[in-house]
Structure formats: structure tokens, C-alpha cells
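Structure first, then comments.
Order of listing sets the numbers, starting from 1, for every ligand and every atom in it. These figures come from a predicted structure and were not determined experimentally.
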Amino acid sequence: MTSLKKNILKLREKRALVEKGGGDAAIAKQEAKGKMTARNRILAILDKGSFQEYDMFVEHGARNFGMDKKVLPGDGVITGTGTIDGKPVGIFAQDFTVEGGSLGLKHARKITKIMDHALKMKMPIIGINDSGGARIQEGVDALAGYGEIFYRNTIASGVIPQISVILGPCAGGAVYSPALTDFVFVVEKISNMFITGPSVIKTVIGEDISMEDLGGARVHAEITGNAHFYSLSETECFEQIKKLISFLPWSNTEKATAQKPAKPKSKTSIDSIIPSDPKQPYDVRDVIRAIVDDSDFFEVQELFAANIVIGFGRMGGETVGFVANQPMVLAGVLDCDSSDKAARFIRFCDSFNIPIVTLEDMPGYLPGVDQEHAGVIRHGAKVLYAYSEATVPKITVVLRKAYGGGYIAMNSRHLGADFVFAWPSAEIAVMGPEGAANIIFRKEIMEAEDPEAMRKIKVQEYVDKFANPYVAASNGFIDAVIEPKETREILLHTLEISKNKEELRPGKKHGLPPF
Ligand code: HXC
């Protein structure tokens, strides 16, 4: 055998050893939990045969607590590049079978190297988290590693899409890398995210709680809003990742790849979605599906703050971000959580050249002590800031109610909307007719012989005067009152003419959004 052949065989042996990760027993333990191995996860996400691995032979540098005798294949993380739908991505996956996927300095440096590549080469980065957190034996070296990752997450923010996939524990400070990225995916019974685990909570405050109830997939998809996509299996999660990627540009200097335009296939007639009684709710997603290509709407954060709907669709083949009040939940009001949800999404779209279509039907901000004390002023202001700051094409359609602060906040002309349309069912006013009549006609109502009858007359008077789109249209705040069935065509037209939109802002280091 030639020495080259011998060396090739040796390389293959070395590779095979690393590819076995923590070994058969650890892999069996991983699979018994319904989890795939780190390597199989990467292969399942990327195009077949496209994965190129780097730093396979990196060794950890820990010397204390017996670590000098431990071999950790790949140092517990697999990193590389590959393609999704033929376009390049950077990817890393922590390997729980190797020392619990714990993060030491070399492990972190493998991750930061691939993040640096992604940033320089302008491609999305996908990080799969499955780790016991900072490698305890490495002490401050492990903390340094996390810090270097957080720094890069921040620098890359708004330049390349960053995606985090939580497929196991993500504990302690480790949670802050996903929290700094754009989209977080979780899977039922597999994902766990928390700052302090159940045992610490038990010790410090004496409370008993399971890992699932503390920070399981559902908790983050529904309550905290830390997760953007929830699924029941890893396979379903990988399909979601690929679908999300299909809507995104590769960086902030590009536009998302256009697809073949397709007509909506939704059977619901757009004219019949809004009920005749203005107090009746309906599902605003039916309106979105009636106007987007192929009726294909990919919702983001579906389970969190459901009083606002956000997500991606295509119009004329191009990606559009939708922000829509959901009358079916809390009448579509803006509150702390829905404001955060909308504002962050608007900023994502603005960073990545994705036009925003806003569908409005809401009675304003949610009143109440709970909301005031939770900071609805600060949270609500984020929506105003995000819309005003955004320079991508911004189009609003007022479907029904546009009351008070909500009218202004939901991408009104006054915050810089490029086009504002209203359906004939629109009601644009400072507040709902009942509330308004009770305040401005209080005296007449109180002094009337029949106060109830007078209240009805006065409410109707207010409805006739303001609860329509024509007062706003007479001021040019609405560009056109349109029939529902004209919506898709007018959106396609205005998106087309906005393609070369340029809007400059005064130079500044950065603004101060109400974080
Ligand atoms: C070193 C670790 C480790 C860690 C797990 N392992 N976490 N080794 N450092 N952080 C090792 C275990 O010793 C074990 O090794 C193997 O990984 C598998 O772990 P198990 O405990 O057997 O797995 P499981 O029962 O599934 O429990 C998983 C777990 C638990 C819930 C994640 O391992 C755990 O609680 N780990 C510690 C979590 C934590 O508190 N991390 C530090 C957070 S602080 P053997 O050899 O037995 O197979 C932090 C600070 C970052 O991260 C700050 C950044 C700002």
C-alpha cells in the first residue's frame, strides 16, 4: 500500500471516530429521548450532499477536573456550510452525546468561526442548541466563549438572518444567543429554555416545577414569546426552517428570491369575510389568504399574543411581511405583548428589504391597570417607532375599526405609510361610537326624558359622522376607498410601483427605540 493510501485510510478512521460523537451508548440515550443526533439534524436540514464540515479535529483545552484525560470528539459541536434550495448557509449543531454538548472555549470558537464566515460571505446562520450550557470544568473560559458568541449575534443582527433551533436543553446564559437571533424554533417535549433550572429554583425559592412547565416548547411559543415556531417533531421543525428560509433574502443587501406568481386559491370570497354586525369577530387570516399568492401564508409566533397576526406571504411572487390585527382575539387590541411582537417583526422586515402590508381592524390599546403597570406606554411606543423608522414600502388597508391610538399606530399616513386604503366598512374615529357619545353628549343624554333613547340617537349621530372612511379620505389620510375584491390588485400595483422606493433618514449612530 502506498503511503498516500495509508494516510487516506488513517484520515477515514479519524473522521469515523469523530462522526460517532459520544459513542453508541450516548447516541442510544439521545435517540431514546426522541432526539436525532447532531449530525443527522444538519443532514436533514441541508440539501442532500451539500454539507461541508470544518474543524472536525479541534480538541478542547481544559486541563482541570480530569479533563486532560478526556477526548471530546469535535469538542461537542459540529460546524460547517451547506445549501438550502441551492443557496448557501452556515450551520452548527451542538452534540449532546459529547459531554452534554457543554460549551468550552474551543467549542465556542468553532461556532464563532462559522458565524464570522456567514457574516463575511453574507449568508444565513442556523444554530442548533442542545447543551448543558457552560462547560463547568472550564470555568471562565466557557463564559468567554458565550460572550464571543453574543457579540457576534449582535454584530450580525440586521445583516444576515440568524435562526436558532432549540433541540434539547438550552440553560443558563446559553439562552441569550437564541434570544439575540431573529427566529427561534422549538419542538414539543424536546426543547427546554431557562435561566435557572428546576433544581436551583427549588433550592433558592423552594418551588417545585418540572422542566417542561418551567421552559418547555409550549411555554416559549405561547407565554414568553421567545419562540417563533412550534412543532411536534424534529422533522416538522426542519420543514418549517426550510419554508422560512424560502421567504428570506440571504442578507440585508439582497431581496428574497422571487417565486413564480400564483393567484390565491382560497375559496372564501373576500367580500363575505367581514360580518355585517360590526361587533362580530372574524379571522383576519382569511383576508390574508384571500390576497396572497397561492393563499400561502406562513405565520410567525402563531401561538403568542394572538391578538396580532404576523407572517410572510408572497404577492406577485415577491415576499411580503403581513401585520394584521386579529378581531377574533381580544378584538384585535394592541397590548404589551402584541406590540412587542409586531414591532420586532416590522424591524426584521425593514432590515431585510421586505415590504410590509398592514391590515387594520382594532379598537385601540387595551385599557386597564394590568396593562398600564406592565408598561403598555413603553411597549406600545415600539410599534410607533418601528413603523416610523421603517423605510421599506409600507401599505395599510383599514378593514374595519381604526380607533384612537390604534389608528395612528397601525402604519397610518402620519407615521409614513406610502399608501393607505380603506374598505367601505372602515370606521375611523377617536374612539368607538358608544364611548364617544357617552362623553361628548353626556349632558344631553342625562337631561333627556328618555336617556336610553337619547343615547341611541347620539351614538347613531356619531356613527353617521365619523364611523366611516370618508372623513379621513376627505383629508387625504386615506388614498382610496376600495372594495374588498379590489384589494389584491391594488396591493400588487402599489408594491410594483414601490420597488425602487428610496427614503433617506438623517444620519445618526442609532436611535433609541423604547426597548
Ligand atoms: C459539563 C456537563 C454539563 C456542563 C451536562 N454535562 N452539562 N458537563 N458542563 N454544563 C455532562 C454530564 O456531566 C453528563 O456527563 C453528560 O453531560 C450528560 O448529562 P446528563 O446530566 O447525564 O443528561 P440529562 O440527564 O439529560 O440532563 C441534562 C441537563 C443536566 C438537565 C442539561 O445535565 C444539567 O442540569 N446540566 C447542567 C446545566 C447547567 O446548570 N449548566 C450551566 C448553566 S450556567 P457523563 O460523563 O455523566 O455522561 C451557564 C452560564 C453561561 O451556562 C453564562 C453565559 C453568559
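Within ligand 1, the atoms closer than 4.0 Å to a non-hydrogen atom of K29 are 22 (O), numbered from 1 in the order shown. Close contacts between ligand 1 and A171 involve ligand atoms 52 (O) [criterion: under 4.0 Å to a heavy atom]. Taking every heavy atom of F150 and a limit of under 4.0 angstrom, the matching atoms of ligand 1 come to 55 (C).
Residues E53 and R39 are paired through a salt bridge, judged by an N-O separation under 4.0 Å between the basic side chain and the carboxylate. A salt bridge links K70 to E99: one of the charged nitrogens lies within less than 4.0 Å of a carboxylate oxygen. Salt bridge E212/K189: absent, no basic N to carboxylate O contact under 4.0 Å. Between K501 and E503, at least one side-chain N (NZ, or NE/NH1/NH2) sits under 4.0 Å from a carboxylate O, which counts as a salt bridge. For the pair D294 and R314, the salt-bridge criterion is not met [side-chain N within less than 4.0 Å of a carboxylate O]. Taking 4.0 Å as the cut-off between side-chain N and carboxylate O, D116 and K113 do not count as a salt-bridged pair.
Between Q326 and the choices D361, N307, D283, the side-chain hydrogen bond (donor to acceptor under 3.5 Å, both in side chains) rule is met once, by D283.
Counting only heavy atoms, the protein never gets under 4.0 Å from atom 13 (O) of ligand 1. Protein heavy atoms come within 4.0 Å of atom 55 (C) of ligand 1. Closer than 4.0 Å to atom 26 (O) of ligand 1 lies at least one heavy atom of the protein. Within a 4.0 Å radius of atom 32 (C) of ligand 1, the protein contributes at least one heavy atom. Atom 45 (P) of ligand 1 is never approached by the protein to below 4.0 angstrom, counting heavy atoms only. Atom 22 (O) of ligand 1 lies below 4.0 Å from at least one non-hydrogen atom of the protein. Under the 4.0 Å distance rule, the nearest protein heavy atom to atom 41 (N) of ligand 1 falls inside the cut-off. Contact annotation for atom 9 (N) of ligand 1: protein present (non-hydrogen atoms, distance under 4.0 Å).
When the heavy atoms of A144, A134, G145 are ranked by distance to atom 52 (O) of ligand 1, first place goes to A134.
Among the atoms of G100, some N or O lies under 3.5 angstrom from an N or O of ligand 1.
Under a 4.0 Å heavy-atom criterion, K33 is in contact with ligand 1.
The protein atom (non-hydrogen) at minimum distance from atom 38 (C) of ligand 1 is G132 O, 3.1 Å. The shortest contact between atom 15 (O) of ligand 1 and any protein heavy atom is with E99 OE1, 4.8 Å. Scanning the protein for heavy atoms near atom 3 (C) of ligand 1, the closest one is S102 CB, 4.0 Å.
Residues Q162 and N153 bring a donor and an acceptor atom of their side chains to less than 3.5 Å of each other.
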(request) Could you walk me through whether F297 and F312 pass ring pair (Phe, Tyr, Trp, His ring centres under 6.0 Å), step by step? (result) CA-CA 6 Å; F297 175 55; F312 299 105; 8.8 Å; no
